[in-house]
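Reviewing the structure listed below.
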Amino acid sequence: MKKLYTVIGLMSGTSLDGLDISCCKFENKDGLWSFSILYTNAIEYTDYLKNKLKNAIHLNTVDLLSFHNEYGNWLGKQVKKFIAQNNLTVDFVASHGHTVFHQPKIGVTYQIGSGQHLANASGQKVICDFRTNDVDLGGQGAPLVPIGDQLLFGTYDFCLNLGGISNISFTMAEKRIAYDISPANMLLNYICATIGKTYDKGGEIAKTGTLNKYLLDTLNNLEYYKLPFPKSLGYEWFIKKIIPIIDATPDTAQNLLHTAVHHIATQITFAITDTKSKNASLLVTGGGAKNDFLIEVLKQKLGNSTTVIVPSEEIIDFKEALIFAFMGVLRDRNEINCLKSVTGARIDSSSGVIFEPW
C-alpha cells in the first residue's frame, strides 16, 4: 500500500464563486495522515458558466446531460493547464463536481462534471461522484468533508464550513457527526444580487443595517431547523423555502443582509451549544470566514464558551478541495471515506467512481 500521494482536488460550491483547484501531498505514517498544500488556483466562472450552473436545475434532461459533458470537459482543460503551469506529476484528480440536484429523501443527488470527459481532457485518472453511493445506501450523501475533518483536522472540537451552505462536523460519543446547518453565502449573495453586487466583501454592507426582528423570527422558525441530524440542504430547498421569504420582506438590502448574518450566526450557535458548550475550539473555513461581520456576530453569540479560529487564507479557501483530494486517496485505497454516523447510511462505505483517460 502506498504511503505518499500527490493529488489534485477540485471543488465547486453552491455559492458559485468559481472552481477551486488544489494540488496536495498526503502521507501516511503508522496509520496517521498528514498533508501539505503544494499549489492552488481559484478560477472565477465566466458569466456564461455561472449562469449555466445556476440555472442547470431548470434544464431539460438532454440539455442537462450535454452540459454535464461540457462542464466535465472544461474541468479537464483547467486541470491540464494547472498541471502544465506548475510542472506537476500527480497520481490522479479527485473532483467534487457541481451539485445540481440534492434530494436524498427520494434517493437523488446529482453532481455534474462528467468524469470520463474530465479524464480525457486532462489526460489523468479521475475519481469523482462521491455522493451517489451513500444516497443509495440510505444516506444523505452529505456532508462528506467530515472524514477529512476527523483524519486531518482532528485537533479541533468543531469544524465549520461557511460556503453556500454552512455545515459543521464534530465528534460525539466516539462517532463523527456532521450536518448542514443553514444557508450561508447562498443567502447573502442572493440579497446582494438585488443591489447589483455579487457578494458583500467583509460584511461591510450588512454591518450598516439594522435587525428586522420579524424576518429573523420567520427564518429561525423554518421546519428544517427542528429536524434531527443527519440532515442536509440543497439549492432546491433554498429556492422553495428561503427566497419567497426574502422576496416578500419589504426592507432595504442593508437590513436584509444584517438580519441574514444574525440568522446564520444564530443557527451555528444553536448547533454548537446543543452539543458542547464549554472550552470548545471552532475552526472556521470557506468563503464566509472572510466575512468579518459574520465572524464578529458569531463570536458575540458564542461568548467565552467557544474559541473561534480563522486559519490561513490558503486553508480557508482550499480546505474543501483538499479534503476531496483526500477522499480520492481513501477511495483509491478502498478505505472508508463516507461515514454512516454522518450521513445516516446503513453502512460506512468507500465511495467514488474511477475513470481512466482514453
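Just so it is clear, the model here is predicted, and its values are computed rather than measured. All residue numbers in this chain count up from 1 along the given sequence.
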Hey, are Asp91 and Thr6 close enough side-chain-wise for a donor-acceptor pair under 3.5 Å?
no
Within the side chain of Ser350, is there an N or O that forms a donor-acceptor pair under 3.5 Å with the backbone of Glu335?
yes
For the aromatic rings, using the six-membered ring if either is Trp, is the centroid distance between Phe293 and His258 under 6.0 Å?
yes
Just how far is it from atom OG1 of Thr208 to atom CG of Asn255, taken to the nearest 0.5 Å?
8.0 Å
Can you classify the ring geometry of Trp237 versus Tyr224 as parallel (below 30°), tilted (30 to 60°) or perpendicular (above 60°)?
tilted
Between Tyr225 and His263, ring centroids under 6.0 Å
yes
Describe, in one word, how the ring planes of His96 and Phe324 are oriented to each other, choosing from parallel (under 30°), tilted (30 to 60°) and perpendicular (over 60°).
perpendicular
I need the Asn133 CG to Arg331 CZ distance, nearest 0.5 Å.
8.5 Å
Please report the closest heavy-atom contact between Gly141 and Asp134, naming both atoms and the distance.
N-OD2, 2.8 Å
Say whether Ser182 and Gln267, considering side chains only, have a donor N or O and an acceptor N or O under 3.5 Å apart.
no
Using side-chain heavy atoms (C-beta onward) and a distance below 4.5 Å, is Ile245 in contact with Leu222?
yes
Mark yes or no for whether Asn60, through its side chain, and Asp63, through its backbone, hold a donor-acceptor pair below 3.5 Å.
yes
Run the numbers on Phe326 and Phe35 for ring-ring contact (aromatic ring centres under 6.0 Å, His included), then give the verdict.
CA-CA 9 Å; Phe326 182 58; Phe35 72 89; 8.7 Å; no
Ile168 with Ile177, same ILVMFWY side-chain cluster at under 4.5 Å:
yes
Answer yes if the ring centres of Phe170 and Phe158 are under 6.0 angstrom apart, and no otherwise.
yes
To the nearest 0.5 Å, atom OG of Ser95 lies from atom CD of Gln124 at 13.5 Å
Per-pair distances, 0.1 Å, donor-acceptor, side chain in residues 80-87, under 3.5 Å, sequence neighbours excluded:
residue	atom	partner	partner atom	Å
Asn86	ND2	Phe82	O	3.0

Group every Ile, Leu, Val, Met, Phe, Trp and Tyr by side-chain heavy-atom contacts under 4.5 Å, then state whether Val261 and Ile195 land in the same group.
yes
Spacing of CD belonging to Glu313 relative to NZ belonging to Lys290, to within rounding of 0.5 Å
4.0 Å
Aromatic plane relationship, His98 with Tyr71 - under 30° parallel, 30 to 60° tilted, over 60° perpendicular:
perpendicular
